*Asks:* 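Starting off with a structure, shown below.
Each residue takes its place number in the sequence, starting with 1. In this text the structure is predicted, and so the values were computed from the model without any measurement.
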Amino acid sequence: CEEILAIPILAGKKTDSEKFAGALYTLSIEALMPDGKVLQMGTSHNLGQGFAKAFGISFLGKDGKKELPWQNSWGVSTRLIGAVAMVHGDDKGLVLPPRIARHKVVIVPIIFKGKEAQVLKKAREIENQLSPFGALLDEREEYTAGWKFNEHELKGTPLRIEIGPRDVEAGQVVLVRRDTGQKENIKEKDLAKKVAQTLDDIQKSLLANAKRFLNSRITKVKNFKELENAVKEERLALAEWCGSTACEAKVKEKTGAKSVNMPKDRVDAAIKRA
């Protein structure tokens, strides 16, 4: 989630009331969406030996005797696609992290009458030069350059390269970032290096921005009133918990909020202290 989708997650252990039914325990990774709701990005369940008993699953041990296996269940699902759209998208459409974009760069030629051949020739050379980045040359004649800009912004293509007659003469292109909209003139000889650097920066920037948002929405609460206020403000409340299921149910009843998980780093620290 973090290294490829650029979505920061909260890793931790589910409470007994929130764990997978029948499991010994459940671990989860959760992500905060822009609307303040938490999306479960993936889970891992220690099923123990209970399911093996229920379904008659066994294996022969080294001593030839039947043994009950310990089982687990884990995975992620297509909800990650929705998470990418929600976490990084804007009013123009998708913003794809470069590491998941099929076409990391789109090349849009700016065509003027009488200059078509030289512009397209150079655009195709650039497409070949940037083939390691899955470069796509959009040379469709039935659409204007502006229409193409909008379409590829909607699809979330990380980088756009604009090239017109003047750019060909100057030996340069215009490089446009999808995430910030920043434009920059780049010399053709420096293009491949600059594209690689910019894609890496976009990937890091998307994660950094999402992390800032996540951290800005977490509030450490010291009492029930602060917890209620945090929930009303659609914030994530980081609260100490006594471990009582009845206490957890009471919080849910009074605030409508449920526990996300017990942060892994804090659980690990508690185990070390014990």
*Asks:* Using a strict threshold of under 4.0 Å (side-chain N to carboxylate O), is an ion pair present between Lys222 and Glu240?
*Replies:*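 Judged by the 4.0 Å cut-off on N to carboxylate O distance, Glu240 and Lys222 do not form a salt bridge.
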
*Asks:* Could you check whether Glu151 pairs with Lys155 (Lys NZ or Arg NE/NH1/NH2 to Asp/Glu carboxylate O, under 4.0 Å)?
*Replies:*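 Yes, this pair counts.
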
*Asks:* Taking only Lys NZ, Arg NE, NH1 and NH2, and the carboxylate oxygens of Asp or Glu, determine whether Lys220 and Glu226 approach each other closer than 4.0 Å.
*Replies:*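 Looking at Glu226 together with Lys220, the answer is no, because their closest N to O distance does not fall below 4.0 Å.
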
*Asks:* Between Ser244 (side chain only) and Ala246 (backbone N and O only), is there a donor and an acceptor less than 3.5 Å apart?
*Replies:*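 It does hold such a pair.
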
*Asks:* Quick one: does any side-chain atom of Thr157 pair with a main-chain N or O of Leu159 as donor and acceptor, under 3.5 Å?
*Replies:*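 It does not hold such a pair.
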
*Asks:* Under 3.5 Å, is there a donor-acceptor pair between the side chain of Arg217 and the main chain of Glu234?
*Replies:*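 Yes; judged by distance alone, with no hydrogens or angles, the pair exists.
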
*Asks:* Applying salt bridge (Lys or Arg N to Asp or Glu O under 4.0 Å), which residue pairs with at least one partner in residues 112-127 are found, sequence neighbours left out?
*Replies:*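 The answer is Lys121-Glu125, Lys122-Glu125, Lys122-Glu188, Arg124-Glu139.
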
*Asks:* Output yes when Asp90 and Lys92 qualify as a salt bridge under the 4.0 Å nitrogen-oxygen rule, no when they do not.
*Replies:*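 Salt bridge between Asp90 and Lys92, a charged N being under 4.0 Å from a carboxylate O: no.
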
*Asks:* Is there a donor-acceptor pair under 3.5 Å between the side chain of Asp167 and the backbone N or O of Gly164?
*Replies:*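 Answer holds: yes.
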
*Asks:* So which pairs with a foot in residues 2-50 pass ring pair (Phe, Tyr, Trp, His ring centres under 6.0 Å), sequence neighbours left out?
*Replies:*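 Found Phe20-His45.
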
*Asks:* Sequence neighbours excluded and cut-off under 3.5 Å, please list the side-chain donor-acceptor pairs for residues 49-74, or say none.
*Replies:*
| residue | atom | partner | partner atom | Å |
| --- | --- | --- | --- | --- |
| Gln49 | NE2 | Leu68 | O | 3.0 |
| Asp63 | OD1 | Lys65 | N | 3.0 |
| Gln71 | OE1 | Ala52 | N | 3.4 |

*Asks:* Any heavy-atom pair between the side chains of Ile29 and Leu10 that's under 4.5 Å?
*Replies:*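 Counting from C-beta outward, Leu10 and Ile29 never come under 4.5 Å.
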
*Asks:* Keeping Gln203 on the side-chain end and Arg99 on the backbone end, is there a donor-acceptor pair under 3.5 Å?
*Replies:*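 Side chain of Gln203 to backbone of Arg99, a donor-acceptor pair under 3.5 Å: yes, one is there.
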
*Asks:* Give me each pair satisfying ring pair (Phe, Tyr, Trp, His ring centres under 6.0 Å) with a member in residues 219-251, each pair once, sequence neighbours excluded.
*Replies:*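 Counting only pairs at least two positions apart or across chains, no ring pair (Phe, Tyr, Trp, His ring centres under 6.0 Å) contact touches residues 219-251.
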
*Asks:* Per the ring pair (Phe, Tyr, Trp, His ring centres under 6.0 Å) rule, what does the pair list look like for residues 93-137, sequence neighbours excluded?
*Replies:*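 Residue pairs passing ring pair (Phe, Tyr, Trp, His ring centres under 6.0 Å), neighbours aside: none found.
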
*Asks:* Report the residues that fulfil salt bridge (Lys or Arg N to Asp or Glu O under 4.0 Å) with Glu233, sequence neighbours left out, ordered by chain and then residue number.
*Replies:*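 For Glu233, no residue satisfies salt bridge (Lys or Arg N to Asp or Glu O under 4.0 Å) once neighbours in sequence are set aside.
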
